[in-house]
Amino acid sequence: MIMTKRITGAEAIFRGLLAEGVDTVFGYPGGAILPVYDKLYDYTDRLRHILARHEQGAIHAAQGYARVSGKTGVVIVTSGPAASNVVTGLADAYADSTPLVVITGQVAVNFLGSDAFQEIDVVGITQPITKWTHQVRRAEDLNEALARAFYIASTGRPGPVVLDIAKDAQLGLTDDDYTPCRYIRSYNPNPVVSSDDLERAAALINSSQRPMILSGHGVMISQAEDELRRLAEKVEIPVACTLLGLSTIPSDHRLYMGMLGMHGNVAPNVNTNRADLIVAVGMRFDDRVTGDTSRYAPDARIIHIDIDSSEFDKNVTADVHIHGDAREVLAGLLPLVDKASHKVWLNSFERHAEVERQKVSFAATAPGDPDGPMRMGEVASKVSAATGDRAVLVTDVGQNQMFSSRYFRFTEPRSIITSGGLGTMGFGLPAAIGAKLAAPERTVCLFTGDGGLQMTIQELGTIMEYHADVKIILLNNRFLGNVRQWQELFFKSRFSQTPLLNPRFDLIAEAYGVGYRRVATSGELDAGIAAMLSHDGAFLLDVNIDETDKVFPMTPVGGAVDTIMLNPTEKYQPDNG
């Protein structure tokens, strides 16, 4: 009789991680997770552990790692405040469908419910913002729970999972028999695509005169970029991307019409309300994309393709729902659709785009006063060009996010990492670290504001320790810029609590061993970018930004998607465009 080896629950965790193909984990040790960290000592030759400087930094870094690599990010932290510090990252990952397995320590079973030191109800707190949260109290249950966690996090619509592991489970013994999970009763992450739905959708596509494809994050998650391009080219359908869908089609593709949303491009936003068919792929009709839903796409039939059926008719009612993986669905549509040409329709996008170029983009990206501060669009455009449009763009949240997303250009997939659904300031710096660790061969450019950078600035210590070659472009306007813009436009320029007194970023960079250069005027920008990109290691480019710079176009909250401000005083008149 062959006896199965008995190991501690702590060791079972690492043997399970290795069985799942994990090579990198992010975390921070503490009392209730010490048995796990003690066992990690024996696995450092097989697992790379990244010690963040704050648990929020650890989970955002894991998000960046997961989004670039396509793997499941792993986080290990202790109980109490450590577990609560990852809550923002869990909510962010849940909103943006990022696969994570987060392991939190928990007090011993006999102390549960006693308000013991560093005890919190992790399950109760995290259940609403995860795909699955489970508390493990016995070592014997660990293998199955960990296998289920990876299966749930990475399949269907990906998302975060939490395993709250009591000390008893870490110290107790279990069999060394980890088996990856491939099936859970009542959980169906791989729905069979309906051939009837495909045929109904194809019929709508073949009969449309003004079709549009809206490409969302689901295209990137599914790695359906090639199928998306082939469908668009066969039927000559213009493609617009959500914020998280950027880079699913190259920026210079003739059918790419721009970004959707509040600060998206004029042409796709206007023509959303002129289209007779919307093919929405892997996107959830977020309010920032739709504007007032009662005035959204009034003339269009809508085909909604999504792996998550709960998104159907949640915000916008569709005529055809196709429940399935984006790549499988698009591949299924390809043989059913007819070759077509929509020349007049495509030309209408160009007319709207030309107005945007003349009214907004030229000024936003043109070189400024050689002796004065810069505009954010100029910086983003020049950094993108200097990288050959091949860099991974990571953003924080605010004006830096919108300007860089608008004026960065993409030639490769999986090239944008940003906080979409939750809009988490402080996301950018740790996410950029994770992105660089996932793709060390790629240039990673972080665009951040002075407000967001200071929310997780301690993660410069993580950059220092692990030599993460992140290029940080600090768009420094000494304000919480996006809030300032809203205060100027809608609150009579009452700048309540938005000016910032900033530290000496040069001294901070020096303290962490990060390269630094201040770009005070537009005339210094090209040399500053060149110095940053040629520097061997992390670099902070501190760019002096005009505090009055505002991101346009803009659809005000509550407005229709084609109600677009070109500047503070001028609205776009599409019929005259």
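Quick note: residue numbers are just sequence positions, from 1.
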J.: Quick one, Ile205 with Leu277, criterion side-chain contact (heavy atoms from CB on, under 4.5 Å). Give me CA distance, side-chain angles, the key distance, then yes/no.
T.: CA-CA 7 Å; Ile205 293 171; Leu277 179 68; 3.7 Å; yes
J.: Kindly indicate, with the supporting measurements, whether the criterion side chain to side chain donor-acceptor pair (under 3.5 Å) is fulfilled by Ser404 and Thr395.
T.: CA-CA 8 Å; Ser404 58; Thr395 87; 5.0 Å; no
J.: Checking the side chain of Arg53 only, and the main-chain atoms of Gln458 only, is there a donor and an acceptor separated by less than 3.5 Å?
T.: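 Answer holds: no.
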J.: Going by atom types only, do Asn143 and Asp175 share a side-chain donor-acceptor pair under 3.5 Å?
T.: no
J.: Between Leu446 and Ala432, what is the shortest heavy-atom contact and its length?
T.: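 Taking every non-hydrogen atom into account, CB-CB, 4.0 Å.
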J.: Is it true that a side-chain atom of Tyr466 and a backbone atom of Leu51 form a donor plus acceptor pair closer than 3.5 Å?
T.: yes
J.: Quick one: pull up OG1 in Thr242 and CE in Met259 and give me the separation to the nearest 0.5 Å.
T.: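 Between atom OG1 of Thr242 and atom CE of Met259 there are 9.5 Å.
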J.: State, without any angle test, whether His323 and Asp197 hold a side-chain donor-acceptor pair at a distance under 3.5 Å.
T.: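 There is no such pair between these side chains.
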J.: Taking all non-hydrogen atoms of both residues, which atom of Thr72 and which atom of Ser154 are closest, and how far apart?
T.: OG1-CB, 3.5 Å
J.: Side chains of Ser310 and Asp308 only: does a donor on one sit below 3.5 Å from an acceptor on the other?
T.: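 Note: Ser310 and Asp308 side chains meet the donor-acceptor criterion.
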J.: Donor-acceptor check, side chain of Asn269 to backbone of Gly261, threshold 3.5 angstrom: yes or no?
T.: yes
J.: Could you tell me which non-hydrogen atom of Thr8 sits nearest to which non-hydrogen atom of Gln170, and how far apart they are?
T.: CB-O, 3.7 Å
J.: Taking Arg229 first and then Glu225, would you say they form a salt bridge - that is, a charged N and a carboxylate O separated by under 4.0 Å?
T.: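 Salt bridge flag = no for Glu225 with Arg229.
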J.: Out of curiosity, His60 NE2 to Met455 CE, how far, rounded to the nearest 0.5 Å?
T.: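 Going from the NE2 atom of His60 to the CE atom of Met455 covers 10.0 Å.
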J.: To the nearest 0.5 angstrom, please state how far the CD1 atom of Ile33 sits from the CG atom of Asp38.
T.: 11.5 Å
J.: Given Tyr256 and Leu246, is the side-chain contact (heavy atoms from CB on, under 4.5 Å) satisfied, shown in steps?
T.: CA-CA 10 Å; Tyr256 175 62; Leu246 292 172; 3.3 Å; yes
J.: Working to the nearest 0.5 angstrom, can you tell me the gap between Leu437 CG and Ile50 CD1?
T.: 5.0 Å
J.: Where do Met212 and Thr272 land on the side-chain contact (heavy atoms from CB on, under 4.5 Å) test, with the steps shown first?
T.: CA-CA 8 Å; Met212 278 181 67; Thr272 293; 3.8 Å; yes
J.: Does atom OH (Tyr28) have a neighbourhood of more than 12 heavy atoms from anything else shown, all under 6.0 Å?
T.: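 No, the 6.0 Å shell around OH holds no more than 12 heavy atoms from other groups.
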J.: I would like to know whether Asp196 and Ser194 meet side chain to side chain donor-acceptor pair (under 3.5 Å); could you show each step before the answer?
T.: CA-CA 5 Å; Asp196 288 344; Ser194 165; 4.8 Å; no
J.: Please name the pair of heavy atoms, one in Met262 and one in Trp486, separated by the smallest distance, quoted to 0.1 Å.
T.: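 Of all heavy-atom pairs spanning Met262 and Trp486, the closest is SD-CZ2, 4.0 Å.
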J.: Taking the side chain from Arg406 and the backbone from Gly264, do they hold a donor-acceptor pair closer than 3.5 Å?
T.: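 Checked: pair present.
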J.: Determine whether the aromatic ring centres of Tyr187 and Tyr151 lie less than 6.0 Å apart.
T.: yes
J.: Can you find a heavy atom in the side chain of Arg137 that is under 4.5 Å from one in the side chain of Asp141?
T.: no
J.: Do the side chains of Asn190 and Glu328 get nearer than 4.5 Å, heavy atoms only?
T.: no
J.: Does a side chain donor of either Thr126 or Thr133 reach within less than 3.5 Å of an acceptor in the other side chain?
T.: yes
J.: Is any side-chain heavy atom of Asp313 closer than 4.5 Å to a side-chain heavy atom of His321?
T.: yes
J.: Tell me whether Lys131 contacts the main-chain N or O of Arg157 through its side chain, where contact means a donor paired with an acceptor under 3.5 Å.
T.: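 Yes: the side chain of Lys131 pairs with the backbone of Arg157.
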J.: Which atom names give the shortest non-hydrogen contact between Leu142 and Val136, and what distance separates them?
T.: CG-CG1, 4.0 Å
J.: If you define the side chain from C-beta out and look only at heavy atoms, does anything of Thr448 sit under 4.5 Å from Ile473?
T.: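 No; the side chains remain at least 4.5 Å from each other.
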J.: Would you please test Leu429 and Leu460 for side-chain contact (heavy atoms from CB on, under 4.5 Å) and show each step?
T.: CA-CA 8 Å; Leu429 182 59; Leu460 289 172; 4.2 Å; yes
J.: Are the side chains of Glu20 and Val101 in contact, using a 4.5 Å heavy-atom criterion?
T.: no
J.: Measure the OG1-CD1 distance between Thr78 and Ile103 for me, rounded to the nearest 0.5 Å.
T.: 12.5 Å
J.: Hey, what do you get for CD1 (Ile120) to CG (Asp115), rounding to the nearest 0.5 Å?
T.: 11.5 Å
J.: Check whether any side-chain heavy atom of Glu11 sits under 4.5 Å from a side-chain heavy atom of Tyr43, and report yes or no.
T.: yes
J.: With no hydrogens and no angle check, just 3.5 Å: does a side-chain donor-acceptor pair link Asp96 and Thr98?
T.: no
J.: Mind telling me whether His134 and Trp132 have parallel, tilted or perpendicular rings, with 30° and 60° as the class edges?
T.: parallel
J.: Are any non-hydrogen side-chain atoms of Arg200 and Asp319 less than 4.5 angstrom apart?
T.: no
J.: Ignoring hydrogens and angles, tell me if any N or O in the side chain of Asp396 forms a donor-acceptor pair with the backbone of Gly428 under 3.5 Å.
T.: yes
J.: Considering the options Thr456, Asp92, Thr88, Thr418, which one meets the side chain to side chain donor-acceptor pair (under 3.5 Å) requirement together with Thr424?
T.: Asp92
J.: With a 4.0 Å cut-off, would you call Arg230 and Asp226 a salt bridge?
T.: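 Between Asp226 and Arg230 there is a salt bridge, with a charged N closer than 4.0 Å to a carboxylate O.
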J.: Do Glu119 and Phe111 touch side chain to side chain, with heavy atoms closer than 4.5 Å?
T.: no
J.: Between Ile433, Val68, Val392, which is the residue that forms a side chain to side chain contact (heavy atoms under 4.5 Å, CB included) with Val444?
T.: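 Result: among Ile433, Val68, Val392, Val392 is the only option passing the side chain to side chain contact (heavy atoms under 4.5 Å, CB included) with Val444.
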J.: Answer yes if the side chains of His49 and Tyr37 hold a donor-acceptor pair under 3.5 Å, and no otherwise.
T.: yes
J.: Answer yes or no: are there more than 12 heavy-atom neighbours, outside Arg390 itself, under 6.0 Å from its atom CZ?
T.: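 Counting other residues, nucleotides and ligands, CZ of Arg390 stays at 12 neighbours or fewer.
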J.: I need the minimum non-hydrogen distance between Gln106 and Gln118, along with the two atoms involved.
T.: OE1-O, 4.5 Å
J.: Between the side chain of Tyr296 and the main-chain N/O of Gly291, is any donor-acceptor distance below 3.5 Å?
T.: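 Not a single qualifying donor-acceptor pair exists.
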J.: Can you find a side-chain donor-acceptor pair between Ser415 and Arg442 that sits under 3.5 Å?
T.: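 Yes, side-chain donor-acceptor contact under 3.5 Å.
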J.: Spell out, as yes or no, whether a donor-acceptor pair under 3.5 Å connects the side chain of Glu459 to the backbone of His54.
T.: yes
J.: Can you tell me if His304 uses its side chain to pair, donor with acceptor, with the backbone of Thr317 under 3.5 Å?
T.: no
J.: With distance as the sole test, does Asp164 use its side chain to make a donor-acceptor pair with the main-chain N or O of Val122 at under 3.5 Å?
T.: no
